[in-house]
Structures are given as structure tokens and as C-alpha cells.
Amino acid sequence: MSNRIPENVVEEIRTSNDIVDVVGEYVQLKKKSRNYFGLCPFHGEKTPSFSVSPDKQIFHCFGCGKGGNVLTFVREIEGVSFQEAVQMLAEKSGQQIPQATNEDGDEASGQNQEIQNLYEAHEWLTKLYHHLLRHTKEGKDGYEYLQERELTQETIDTFQLGYAPNSKDFTLKFLQNKGFHPQTMVRGGLLSYNEDNGEYGDRFRGRIIFPIRNHQGKTVGFAGRSVHGNDPKYLNSPETELFHKGKLLFNFDLARSEIRKQGEVVLFEGQMDVISAYQAGFKNGIATLGTAITDAQAKLIRRYVEKVIICYDSDNAGIEASYKAANLLHNAGCDVRVANIPDGKDPDEYIHTQGSEAFRNHVLDSSATYMGFIIKYLRRGFNLQHEGDRIRYIEKVLDEIAKIDKPVERDYYLRDLASEHDLSLEVLEKEITDRRKKQGREKDNNASTSYTNYKVEKKQEAKLLPAYHNAERHLIYYMMQDAAIAEKVQDTIGGAFNLNEHQVVVTYLYAYYEEGYSPNPGQFIEQLPDPNMKSLVTEIAMMKLQPDISDQEIQDYIRVISAKKNEKDNITSLQKQQKEAERQNDPVKAAQIAMEILKLKQSLKSN
């Protein structure tokens with residue numbers, strides 16, 4: 001790890017950030033008993049198997065096995081280094097990190113420094129472009145354009161909208177004066193480079209600038225709209241170390257708290273739709289960045305909220321985009337609604353002409369359900385006055401209805417279809433039954449997808465573990481809670497656990513206590529170098545065991561572990577004796593020893 005931060009500082013920052021609060025910014029959590037549960041952000045699931053313990057300050061997913069403390073979570077969810085995770089948590093808790101020391105060489109340090117330079121350069125340009133728009137003659141054209149779009153000064157300031165002068169080297173000179181190297185700025189998407197003449201130049205010229213922020217509110221890219229007829233009309237930052245358009249969502253940092261508060265998010269196509277809606281009081285709007293929504297973006301949205309209203313343009317292109325987005329979000333587990341904007345308008349135009357109340361009542365609140373939209377979408381491809389088209393349309397609708405797992409919802413759409421086309425409900429129900437059998441859906445999944453049943457299956461699975469396996473796990477659990485227990489185990493059997501991974505864990509645990517640390521599973525996890533080891537320790541720490549353990553129970557665990565270890569040692573010794581008998585050409589003795597080995601192995605399996 002380059003630029004090592006002192007351990008006492010890391011620990012202070014970790015303990016200053018409650019894991020429930022931090023995880024709660026990314027995952028919808030609901031309290032059950034002493035822990036909190038939600039959908040795992042690290043793998044796709046529709047039933048919560050992700051648990052957060054406020055007492056132990058750790059998290060664990062019973063589905064994919066990921067686990068750790070608050071630092072582990074931030075590193076995993078944001079895809080950042082340990083140092084960046086510490087910095088992010090320090091900013092959340094208002095703490096300062098002292099000057100760090102470099103331990104891993106200049107190359108890693110240089111990479112981190114370049115990323116930091118890019119963050120700083122984006123921040124400088126955000127301020128510069130915003131200042132030019134608001135307070136200079138150079139920004140007059142951009143400011144007048146935004147006024148024509150009826151944006152207020154408050155909205156312009158909130159989104160830090162700006163203007164890049166129509167000059168080939170204004171931004172270049174500004175960045176150079178700030179000490180930024182042009183080559184680094186090209187890699188960061190802030191400047192362009194002409195290979196023909198070897199010159200650097202401004203990337204965004206004569207454009208209104210929309211800063212694009214990551215989920216922590218830091219500018220990582222820009223979207224520019226031409227106001228002088230320059231081509232292309234819209235120009236975005238390229239993919240860089242900071243800017244990954246398939247993972248980011250415009251305005252997500254500002255909208256996040258409102259999304260949680262309202263329990264729904266409105267997905268728009270463009271930045272101006274989001275900004276106009278925000279100004280009109282709809283502050284839970286977000287948008288993709290010039291491309292169709294990705295699987296990563298859909299999963300990100302689902303981690304925060306279930307209900308999504310897709311509010312795209314109502315032209316053909318917008319309807320096609322809505323169809324793709326609806327399917328992707330539905331598959332991610334979202335409750336999808338699709339808004340229809342009357343008269344072919346886009347959201348921005350409708351808000352300006354009809355007002356916020358009409359937008360709420362006639363667009364958002366009147367949005368169609370996912371299945372309602374799909375049925376209407378499928379209708380577009382058929383002439384229902386034609387008998388053949390009408391039959392093919394009904395067949396396609398039945399295919400979609402068959403995918404619905406909730407019987408009440410299936411019944412609703414079947415009755416609607418039967419009524420509209422004067423069909424027998426019994427016939428349609430049989431069609432659905434046949435389709436669901438072919439799709440492997442003949443049984444409703446309600447019983448198998450509840451979290452309660454999931455926990456029961458896990459408990460049953462745990463009972464199948466050998467006695468010595470459970471004994472080792474339980475003993476490690478109590479060793480993490482009490483240093484005296486760890487010392488007693490160390491004096492008795494040391495690292496002589498049967499499972500290799502358990503041997504490694506207790507070795508680290510002994511070292512942890514020898515360095516003067518107090519019992520703290522969350523802190524101990526941070527000392528472990530391997531992600532798989534962290535997941536194992538987290539899983540053990542999350543076990544639901546009695547808080548206290550007697551000396552006799554400790555001795556019983558040790559006895560079970562030692563007995564199994566002795567059996568394994570005996571097998572190893574007998575195997576050596578068997579080889580020696582074979583070497584001395586004594587097949588009878590070798591066979592007798594083989595039978596003893598077989599009996600011991602059978603005993604191992606049964607225990």
C-alpha cells in the first residue's frame with residue numbers, strides 16, 4: 001500500500017463512521033432484530049441476504065460471501081484503493097489525514113498523484129467555467145441561452161453550470177498556469193491533442209458546460225452543448241480513470257437523499273430534463289450520460305430504491321429507449337413505471353409549458369405499470385383489425401403475462417385481455433399454465449425466496465458440517481470476542497486447527513493481540529491481507545451464538561479439535577508404516593494397515 005496512513009488514524013476514522021449509516025447511503029436497509037438487512041450490492045438478488053451488524057460494525061452477505069468492516073465496504077462498492085477509502089470516510093466525518101509516507105515506490109505514488117491532479121483540475125475548471133458564465137462577457141452567450149430555457153440563477157448555481165470560451169487555448173493556458181501538465185489533462189479528457197501538428201488545445205469550445213459529478217459529489221467529467229452551431233452539438237468527456245459513463249448517473253449525488261425520502265426515482269434521458277424537473281420541485285430525477293442505461297446503472301438504482309419512473313421523450317426513439325430501459329430495470333428487480341408525455345413533448349418542454357402540477361398529475365402519477373407499458377408497446381407492431389395480426393399479438397402478450405410470478409397480477413391482465421378481445425378466460429388460463437411449465441415457472445417462488453426460508457436453509461446447511469469444523473468456527477468466534485480465551489487456546493493447541501484457513505486466521509489473531517489490540521472483530525478484519533480471509537472471518541463474526549461461554553465449553557471445543565487432529569496424525573503415521581511394509585515386501589501387513597487407515601478415514605467423515 002503506497003502512502004501508508006498511520007494505523008491509529010485509520011482506526012479513528014473507521015470508528016467515527018457508523019457502518020449502518022455508510023452502507024445505508026448505498027443500500028436500502030431494514031432492521032430485523034439486532035441487525036439490518038438489504039439487497040446485496042455486490043451480486044444480483046431479489047431477496048435480501050445482505051446483513052449489517054451495528055454492534056460489531058461489520059457486514060456480511062450470506063449469498064455471495066463478501067464481508068468486512070466499513071473500509072472494506074467502501075473499497076468494494078466504490079472500487080477505490082485503501083487510501084482513497086480512508087480519505088472518503090475522513091471527509092464524511094470531517095477529519096483530517098496527516099501527511100502520509102510512501103512505501104511502495106514512485107510508480108504507484110505517481111499514479112495516485114495523477115488521479116489526484118485530475119480531480120483538482122476538474123474542480124478548478126468547474127469553478128472557472130461557472131464564473132465565466134455568471135460574471136463575464138465571454139459567458140454572455142451561454143448565460144442568455146440558459147435564461148431562454150427559463151433556468152434561474154439559483155438552479156444555475158446549484159448545478160454549477162458554466163461556459164467554455166470559443167478559444168483554442170484558453171483552458172490550456174489556465175491549466176498550465178495552475179501547474180497541470182497538458183499530457184495528463186489529455187488523458188483526463190480536459191484537453192485535446194492534434195497529432196498532425198503536435199499541439200494541445202481546448203476540448204470544450206463555445207459550449208455550455210454541465211459538470212458531471214460522481215456519487216461523492218466530485219466533478220469527474222463534463223458535458224458540453226454548443227451555442228454557436230459547432231459540431232457536434234453535444235460533446236461529452238471521454239472514458240477516463242475518473243469518468244465511466246456506464247457506471248455514473250447525472251445528478252445522483254444531489255438526488256440520493258430525495259430518492260430515499262420519496263421511495264422512488266425518476267429516470268430522464270438528458271441533463272436539461274433533470275435540471276428543469278429539479279427547478280420545478282422534482283428533486284429525485286437522474287439521467288444516463290448520453291447512452292442507453294446499463295446493467296451496472298440499473299443495479300445501482302435498485303440498491304437505493306425499488307420504484308422507478310422512466311420519463312423519456314414520447315417520440316419513437318424515446319419509446320424504444322423506454323422499452324429497453326424498462327426491461328433492464330425490471331430484470332434488476334425494480335418496480336418499473338413508464339410515463340407518457342402528451343402531445344409528443346419532452347419532459348423539459350412539458351414542464352415549461354404546462355407547469356409542475358400538471359407534470360405530477362398527468363405524467364408521473366399517470367405512468368403505466370411495467371406490464372401495462374409492455375402490452376401497449378407490443379400493440380405498436382400489429383394491425384389489430386387484421387385477424388392474423390391480432391392472434392400473433394395475443395400470443396406475444398400471453399408470453400409476457402406468463403412471466404409474472406404474482407397470481408393476482410397475472411389474473412388481472414388475463415381478465416383484461418379476455419375482455420378486450422372477447423376470449424374465454426379458461427382458455428387463456430390454460431395457455432398461461434402451459435407457458436409457465438415450458439418456462440420452468442409452474443411453481444410460484446414465494447416460498448423459496450423469502451429471507452426467513454433462506455436462513456433456515458443456511459442453518460440446515462451448517463448442521464451438516466462435521467463437529468470439529470463447527471467447533472473450530474465457534475472457538476474462533478469467542479476468541480475474537482475475548483483476548484483471554486484466545487490466550488488460553490494459544491497455550492493449549494496453538495495453531496493446531498484442522499482446517500488450513502482456520503490455522504491462518506488464528507495465527508493472525510494471535511499476532512493481533514500480541515500487538516496490543518483489544519478485541520474488536522471490525523478492527524481485526526482490517527489486519528487481514530486476503531479478501532477471502534476477510535469474508536470468512538466476517539461470516540464467523542456474524543454467527544448467532546450465546547454471548548458468554550463457560551470454561552468447560554471451551555475445553556469441549558478444544559477436545560473435539562484435538563481428537564480430530566490426532567486422528568489425522570494417526571492416518572499420516574499409518575500411511576508411512578504402510579509404505580514401509582510395501583518396501584519390505586510384506587503385503588499382509590500393508591493390507592492390515594490399509595484397513596486401519598480406511599476405518600479412521602470413515603470415522604473422520606462421520607464426525
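All residue numbers in this chain count up from 1 along the given sequence.
Among residues at least two apart or in separate chains, salt bridge (charged side-chain N to carboxylate O under 4.0 Å, His left out) pairs with a member in residues 315-330 are Glu320-Arg380. Among residue pairs with one or both ends in residues 278-293, none qualify as salt bridge (charged side-chain N to carboxylate O under 4.0 Å, His left out); sequence neighbours excluded. The side chain to side chain donor-acceptor pair (under 3.5 Å) pairs that include a residue from residues 334-344 are Asp335-Arg337, where partners are two or more places apart or lie in different chains. Within the structure, every pair that satisfies the salt bridge (charged side-chain N to carboxylate O under 4.0 Å, His left out) test and touches residues 233-258, not counting sequence neighbours, is listed here: Arg213-Asp253. Residue pairs meeting the salt bridge (charged side-chain N to carboxylate O under 4.0 Å, His left out) criterion with at least one partner in residues 361-374, sequence neighbours excluded, are Arg360-Asp365.
The ring of Phe50 has its center no closer than 6.0 angstrom to the ring center of Tyr36. Between His215 and Tyr26, the distance separating the two ring centers is not shorter than 6.0 angstrom.
When all heavy atoms are compared, the tightest approach of Val20 to Leu29 is O-CD1, 3.8 Å. Shortest non-hydrogen contact noted between Val266 and Cys311 is CG1-CB, 3.8 Å. Leu133 and Leu146 make their closest contact through CD2-CD1, 3.7 Å (heavy atoms, listed as atom of the first residue, atom of the second, distance).
Under the 30°/60° scheme for interplanar angles, the aromatic rings of His60 and Phe62 are found to stand perpendicular. The aromatic rings of Phe159 and Phe250 lie parallel to each other, their planes meeting at an angle below 30°, with 60° marking the opposite boundary. The aromatic rings of Tyr517 and Tyr512 sit parallel to each other, their planes meeting at less than 30°, with 60° as the upper class boundary. Under the 30°/60° scheme for interplanar angles, the aromatic rings of Tyr193 and Tyr200 are found to be tilted. Between Phe373 and Tyr323, the ring-plane angle classifies as tilted under the 30° and 60° cut-offs.
For Asp530, there are no salt bridge (charged side-chain N to carboxylate O under 4.0 Å, His left out) partners two or more places apart in sequence or in a different chain. For Gln160, there are no side-chain hydrogen bond (donor to acceptor under 3.5 Å, both in side chains) partners two or more places apart in sequence or in a different chain. For the side-chain hydrogen bond (donor to acceptor under 3.5 Å, both in side chains) test, residues two or more places apart in sequence or in another chain that qualify with Gln279 are Thr152, Thr155. For Asp141, the salt bridge (charged side-chain N to carboxylate O under 4.0 Å, His left out) test picks out no residue, with sequence neighbours left out. Scored by the salt bridge (charged side-chain N to carboxylate O under 4.0 Å, His left out) test, Lys92 finds Glu25 as partners (sequence neighbours excluded). For Glu11, the salt bridge (charged side-chain N to carboxylate O under 4.0 Å, His left out) partners two or more places apart in sequence, or in a different chain, are Arg14. Residues passing the ring-ring contact (aromatic ring centres under 6.0 Å, His included) test with His362: none are found, sequence neighbours excluded.
Partner Ser81 forms a side chain to side chain donor-acceptor pair (under 3.5 Å) with one of Glu78, Glu84, Gln83 and no other, that one being Glu84. When each of Phe204, Phe180, Phe174 is paired with Leu125, the side-chain contact (heavy atoms from CB on, under 4.5 Å) condition holds for Phe174 and for no other.
Comment: Lys66 engages Glu76 in a salt bridge, judged by a side-chain N to carboxylate O separation of less than 4.0 angstrom. Under a 4.0 Å N-O distance rule, the pair Asp313/Lys345 does not qualify as a salt bridge. Ion pairing between a basic and an acidic side chain is recognised when a charged N comes within 4.0 Å of a carboxylate O; Arg187 and Glu114 show such pairing.
A donor-acceptor contact shorter than 3.5 Å links the side chain of Thr240 to the backbone of Leu242. Ser366 contributes a side-chain N or O that, together with a main-chain N or O of Asn361, makes up a donor-acceptor pair within less than 3.5 Å. One N or O on the side chain of Ser93 and one on the backbone of Leu89 form a donor-acceptor pair closer than 3.5 Å. Checking side-chain atoms of Asn214 against main-chain N and O of Lys218 turns up a donor-acceptor pair under 3.5 Å. Without hydrogens or angle criteria, Ser314 side chain to Ile341 main chain gives a donor-acceptor distance under 3.5 Å. Thr72 places no side-chain N or O within donor-acceptor distance of the main-chain N or O of Gly68, the cut-off being under 3.5 Å.
From Ser51, atom OG reaches atom CD of Glu539 across 11.5 Å, with rounding to the nearest 0.5 Å.
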* To do: Output, in order, the C-alpha distance, side-chain angles, deciding distance and verdict of side-chain contact (heavy atoms from CB on, under 4.5 Å) for Ile212 and Leu289.
  => CA-CA 9 Å; Ile212 300 170; Leu289 300 169; 4.0 Å; yes
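Using a 4.5 Å heavy-atom cutoff, the side chains of Lys307 and Val336 are not in contact. At least one side-chain heavy atom of Phe82 sits under 4.5 Å from a side-chain heavy atom of Glu526. By the 4.5 Å heavy-atom criterion applied to side chains, Phe359 and Leu364 are counted as neighbours. Residues Ser192 and Val186 have side chains not in contact (no heavy-atom distance under 4.5 Å, counting atoms from C-beta outward). Within the 4.5 Å cutoff, the side chain of Phe170 has no heavy atoms near those of the Leu172 side chain. By the 4.5 Å heavy-atom criterion applied to side chains, Tyr234 and Ser226 are not counted as neighbours. Contact annotation: the side chain of Asn284 never approaches that of Val305 to less than 4.5 Å [non-hydrogen atoms, C-beta and beyond]. At a threshold of 4.5 Å between non-hydrogen side-chain atoms, the residues Tyr508 and Val537 do not count as touching.
Between the side chains of Ser535 and Asn532, no donor N or O sits under 3.5 Å from an acceptor N or O.
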